[in-house]
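Below is one structure, written out as structure tokens, with a few remarks after it.
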Amino acid sequence: MAESEYNVSVPHMNSLLQMDPYLKPFENDVQRRYGLFKKQLTLLEEAEGGFDQFTRSYKSYGVQRMPDNSLVFKEWAPAAEALFLTGDFNGWDNFSHPYTKKEFGKWELHIPPKEDKTPAVTHNSKLKVVVHTRAGERLYRISPWAKYVTRHEKSVIYDWVHWDPPQPYIHKHPRPQKPRSLRIYESHVGIASPEGKVASYSNFTHNVLPRIKDLGYNCIQLMAIMEHAYYASFGYQVTSFFAASSRFGTPEELKELIDVAHSLGIIVLLDAVHSHASKNTEDGLNQFDGSDSCFFHSGPRGEHSLWDSKLFNYSSWEVLRFLLSNLRWWLEEYRFDGFRFDGVTSMLYHHHGIGSGFSGDYAEYFGLQVDEDALVYLMLANHILHTLYEDCITIAEEVSGMPNLCCPVQEGGLGFDYRLAMAIPDKWIQALVGDKTLAFWLMDKEMYTSMSALIPMNSVIDRGIQLHKMIRLLTHSLGGEGYLNFMGNEFGHPEWLDFPRVGNNESYHYARRQFNLVDTDRLRYWQLYAFDRDMNRTEDKYGWLAAPPANISVKHQGDKVIVFERANVIFIFNFHPTNSYSSYRVAVGPPGKYKIKLDSDGIQYGGHGRLDHNTEFFTEPMEFKNLPNSMLVYIPCRTAIVLVNEEIDYCY
């Protein structure tokens with residue numbers, strides 16, 4: 001394709017430049033990226049009959065049962081000399097079932113049904129692909145398209161298990177509508193129990209979903225679902241991309257979890273790890289065909305030096321088939337509602353963000369350091385997902401500040417709906433696995449002895465409980481267009497999170513969530529839980545997350561006061577440890593009568609009950625802080641208040 005053919009016009013480029021004039025000097029770069037994207041779409045149309053067909057490749061690769069119960073096995077292994085299938089079905093004979101070589105590095109094997117017309121490979125039986133390399137090696141591999149893999153207790157290697165249940169789970173409930181305000185409960189199934197063990201999908205369905213519903217979250221982000229051999233990797237070293245992790249239960253049990261969530265009006269997002277893959281060979285993608293490339297770049301470009309993992313070759317046609325079909329599989333088979341894409345910063349740059357501070361200079365986001373193969377892959381993924389599934393939500397975990405990341409592809413953007421604002425949790429604490437929780441940073445060892453609701457709070461617990469609520473509400477109301485909470489933090493989970501590993505004697509003590517702490521009114525955890533619940537329910541009614549950014553009228557360092565208005569709701573924060581203000585002037589837009597709708601100082605939230613909720617605050621036509629009206633408000637120390645105008649219809 002000639003260079004000039006890349007320069008197709010971006011349909012709505014003017015909208016992009018109007019929103020962000022700083023992109024004007026890089027207009028040609030945006031144009032070129034869009035041209036590369038359009039080229040891939042055209043090639044998909046010509047070679048595969050379009051992206052709809054292309055992304056259904058999970059229906060032809062791996063193993064497929066035909067209507068007559070014959071089985072078709074298909075793999076892509078371009079560097080292999082020969083492929084065989086072995087397993088329980090043939091007594092682990094390494095040579096009896098050879099694949100036939102097809103063009104473009106494809107291999108196929110047809111196995112007729114048994115005499116009784118049942119499939120030759122039965123449900124729950126084990127399989128392996130035997131790969132013969134050009135160097136004369138014989139390798140045992142799991143199909144990259146395997147839909148279920150398990151590990152025997154005494155083994156370190158996962159086994160490919162043929163999953164074809166006689167009675168597959170049938171979804172009963174429709175997908176909920178896409179929420180306007182996104183309130184996400186970030187979850188890990190394995191730690192979702194007070195017990196020191198790997199918890200199950202069923203446990204999550206029956207014991208955790210009701211809590212999430214009660215708390216007012218309308219979205220769950222599930223981590224560590226794609227199968228990963230190393231539990232302590234938190235799910236980020238994926239070994240089998242099409243397999244739901246078997247350590248939590250069966251595929252059918254995960255389908256039930258999502259179906260029940262849908263029945264509660266909760267959408268479910270999958271943590272999609274397409275930024276890198278585990279280095280494992282016997283039960284991962286690495287060296288599947290005996291070469292150091294196949295799905296990955298060969299040589300140093302295929303290695304992530306910090307993560308010790310393999311990097312995909314996004315320019316490869318078959319890698320695009322694999323990854324795009326992978327996204328489609330999770331939406332179709334399990335009925336996920338969208339994705340949180342992990343490690344997008346690593347994907348976007350050849351330097352993977354390593355040693356790059358990102359000053360915000362737009363030149364850092366364009367030029368030779370950008371991996372445009374990966375960038376175009378993300379544009380393709382977002383375009384395909386949003387075209388096929390109108391309500392699909394995509395979130396990018398991206399810390400460089402890449403402009404136009406969350407602009408539509410038709411404007412020259414990458415097409416994500418949201419960017420995960422990693423800098424906000426880092427403002428409060430370095431929110432990492434193994435680090436102390438926010439509550440434990442605030443209250444530390446006092447949480448072991450002083451969280452009883454039957455005794456007065458000491459100064460450490462009092463400060464910690466009040467600030468924990470205020471920090472959450474400030475982040476919720478001012479942080480962006482969505483809110484994400486990691487499971488347990490809603491009630492001030494103590495200590496830290498650490499997975500079983502050699503360094504801690506394989507202990508599960510910190511790889512659990514102590515929901516039992518909330519289930520008694522003798523401890524103060526339920527007070528923090530109640531505040532989280534009412535904060536979400538208040539947002540659900542007034543919709544500040546779906547509103548434009550806040551107008552901040554006060555940020556007074558001396559008074560320790562922050563005041564802002566968003567969605568016609570007034571938020572007032574007094575962070576001062578001792579100073580209460582009896583008549584603090586607050587600027588407001590719409591005139592009228594305001595009342596308290598949420599008050600962090602409420603007794604039920606572990607506060608001191610210093611505010612009378614029957615108080616009516618009337619505005620005066622006195623201009624203040626560039627707003628036409630203002631009013632006087634009593635603000636106790638270490639308190640956050642949400643005020644709403646009684647004369648405004650808040651249906652949004």
Side-chain angles (χ1 to χ4, degrees), residues 183-188 191-194 196 208 211-212 214-217 223 234 422 424-479 483-499 509-536 573 575 577 598-608 637-640:
R183 301 183 299 274
I184 304 173
Y185 195 82
E186 187 178 27
S187 305
H188 185 290
I191 66 171
S193 160
V208 184
R211 294 179 189 272
I212 298 171
D214 180 60
L215 281 162
Y217 291 95
M223 313 172 79
F234 220 114
M422 300 288 281
I424 294 178
D426 283 348
K427 273 285 184 204
W428 303 116
I429 58 169
Q430 284 293 324
L432 303 167
V433 176
D435 193 6
K436 293 189 287 192
T437 65
L438 176 60
F440 212 61
W441 270 113
L442 290 166
M443 296 175 274
D444 210 80
K445 64 181 186 298
E446 291 292 326
M447 296 188 79
Y448 294 126
T449 55
S450 307
M451 285 295 280
S452 171
L454 305 177
I455 57 172
M457 288 183 282
N458 65 29
S459 59
V460 174
I461 296 296
D462 189 4
R463 174 183 178 272
I465 281 183
Q466 309 321 323
L467 289 179
H468 198 275
K469 291 176 290 186
M470 295 177 73
I471 286 169
R472 280 182 287 155
L473 180 60
L474 188 65
T475 305
H476 204 300
S477 52
L478 197 57
Y483 179 74
L484 182 145
N485 167 74
F486 183 74
M487 62 189 316
N489 286 347
E490 71 276 4
F491 63 81
H493 201 286
E495 301 179 320
W496 52 88
L497 182 61
D498 193 14
F499 282 80
H509 183 74
Y510 298 109
R512 59 195 180 111
R513 297 281 93 175
Q514 299 179 58
F515 293 114
N516 53 300
L517 296 174
V518 187
D519 296 338
T520 171
D521 57 8
R522 292 168 175 255
L523 296 174
R524 295 196 179 274
Y525 297 99
W526 70 269
Q527 297 169 342
L528 293 171
Y529 176 100
F531 181 78
D532 208 83
R533 177 194 65 207
D534 293 352
M535 175 175 68
N536 281 323
F573 293 81
F575 280 95
L598 186 65
D599 159 25
S600 70
D601 197 46
I603 297 285
Q604 71 273 34
Y605 308 138
H608 301 284
C637 61
R638 283 196 187 129
T639 296

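Numbering starts at 1 and runs along the sequence shown. Because the structure is a prediction, the values reported are computed rather than measured.
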Point to revise | CA sep, side-chain torsions, deciding dist, call: Glu490, Asn485, side chain to side chain donor-acceptor pair (under 3.5 Å) | key: CA-CA 7 Å; Glu490 71 276 4; Asn485 167 74; 3.0 Å; yes
Check your understanding: Parallel, tilted or perpendicular: which fits the ring planes of Tyr525 and Phe491, with parallel below 30° and perpendicular above 60°?
Key -> perpendicular
Review point. Do the non-hydrogen side-chain atoms of Arg638 and Pro577 ever get within less than 4.5 Å of each other?
Key: yes
Review point. Between His509 and Asp498, does any side-chain donor sit less than 3.5 Å from a side-chain acceptor?
Key: no
Point to revise | Approximate separation, where rounding is to 0.5 Å, of Leu528 CG and Leu523 CG | key: 11.0 Å
Study note, to complete from the structure: When rounded to the nearest 0.5 Å, the distance separating OH of Tyr185 from OH of Tyr483 is 11.0 Å
Review point. Does the side-chain contact (heavy atoms from CB on, under 4.5 Å) test come out yes or no for Leu438 and Ile471, once each step is laid out?
Key: CA-CA 10 Å; Leu438 176 60; Ile471 286 169; 3.9 Å; yes
**Study point:** Heavy atoms from other residues, nucleotides or ligands near CH2 of Trp428 exceed 12 (cutoff 6.0 Å)
**Key:** yes
Revision key, fill the gap. Correct closest heavy-atom pair for Ser187 and Ile212 would be OG-CD1, 4.4 Å
Review point. Got Phe499 and His188 here, is their nearest side-chain heavy-atom distance under 4.5 Å?
Key: yes
Check your understanding: Out of curiosity, Met443 CE to Thr449 OG1, how far, rounded to the nearest 0.5 Å?
Key -> 11.5 Å
Exercise for review: Check Asn536 against Leu215 and note the closest heavy-atom contact, atom names and distance.
Suggested key: ND2-O, 3.0 Å
Point to revise | Interatomic spacing from CZ in Arg512 to CG in Asn516 - rounded to 0.5 Å | key: 7.5 Å
Point to revise | Gln514 backbone acceptor or donor facing His493 side chain under 3.5 Å | key: yes
Exercise for review: Could you tell me which non-hydrogen atom of Ile461 sits nearest to which non-hydrogen atom of Met451, and how far apart they are?
Suggested key: CD1-SD, 3.8 Å
**Study point:** Derivation and outcome, ring pair (Phe, Tyr, Trp, His ring centres under 6.0 Å), residues Phe440 and His468
**Key:** CA-CA 10 Å; Phe440 212 61; His468 198 275; over 10 Å; no
Check your understanding: Would you say Met487 and Ile191 make side-chain contact, with heavy atoms under 4.5 Å?
Key -> yes
Review point. Nearest 0.5 Å, what's the SG-CZ distance between Cys637 and Arg463?
Key: 13.0 Å
Practice item. Could you check if a side-chain atom of Asp462 sits within less than 4.5 angstrom of a side-chain atom of Gln466, using non-hydrogen atoms only? Key: yes
Check your understanding: Are side-chain N/O atoms of Asp534 and Tyr605 paired as donor and acceptor at under 3.5 Å?
Key -> yes
Review point. Which word best sums up how the rings of Phe234 and Phe486 line up, parallel for under 30°, tilted for 30 to 60°, or perpendicular for over 60°?
Key: tilted
Review point. With a 4.5 Å limit on heavy-atom distance, are the side chains of Arg524 and Met457 in contact?
Key: yes
Practice item. Compute whether any side-chain donor of one residue and acceptor of the other, for Tyr448 and Glu495, lie under 3.5 angstrom apart. Key: yes
Check your understanding: Which is it for Gln604 and Gln527 under the side-chain contact (heavy atoms from CB on, under 4.5 Å) test, yes or no, and what are the steps along the way?
Key -> CA-CA 6 Å; Gln604 71 273 34; Gln527 297 169 342; over 6 Å; no
Check your understanding: For the residue pair Leu497 and Ala511, what are the closest heavy atoms and their distance?
Key -> CD1-CA, 4.2 Å
Exercise for review: May I ask you to check whether Arg472 and His476 show a side-chain donor-acceptor distance below 3.5 Å?
Suggested key: no
Check your understanding: Looking at Trp441, is Lys436 sitting on its ring face, NZ or CZ under 6.0 Å from the six-membered ring centre and within 45 degrees of the normal?
Key -> yes
Practice item. For residues Asp435 and Trp496, report the shortest heavy-atom separation together with the two atoms involved. Key: O-CB, 3.1 Å
Practice item. Inspect the contact between Lys469 and Asp532 and indicate whether a charged nitrogen and a carboxylate oxygen are less than 4.0 angstrom apart. Key: no
**Study point:** Distance-only donor-acceptor check, side chains Asp519 and Trp526, under 3.5 Å
**Key:** no
Practice item. Flag the pair Ser477 / Phe573 as yes when at least one side-chain heavy-atom distance between them is below 4.5 Å, and no otherwise. Key: yes
Exercise for review: Could you give me the CA-CA distance, side-chain angles and deciding distance for Phe531 and Leu473, then say whether side-chain contact (heavy atoms from CB on, under 4.5 Å) is met?
Suggested key: CA-CA 9 Å; Phe531 181 78; Leu473 180 60; 4.1 Å; yes
Review point. Which pair of non-hydrogen atoms, one from Gly479 and one from Ile424, has the smallest distance, and what is that distance?
Key: O-CD1, 3.3 Å
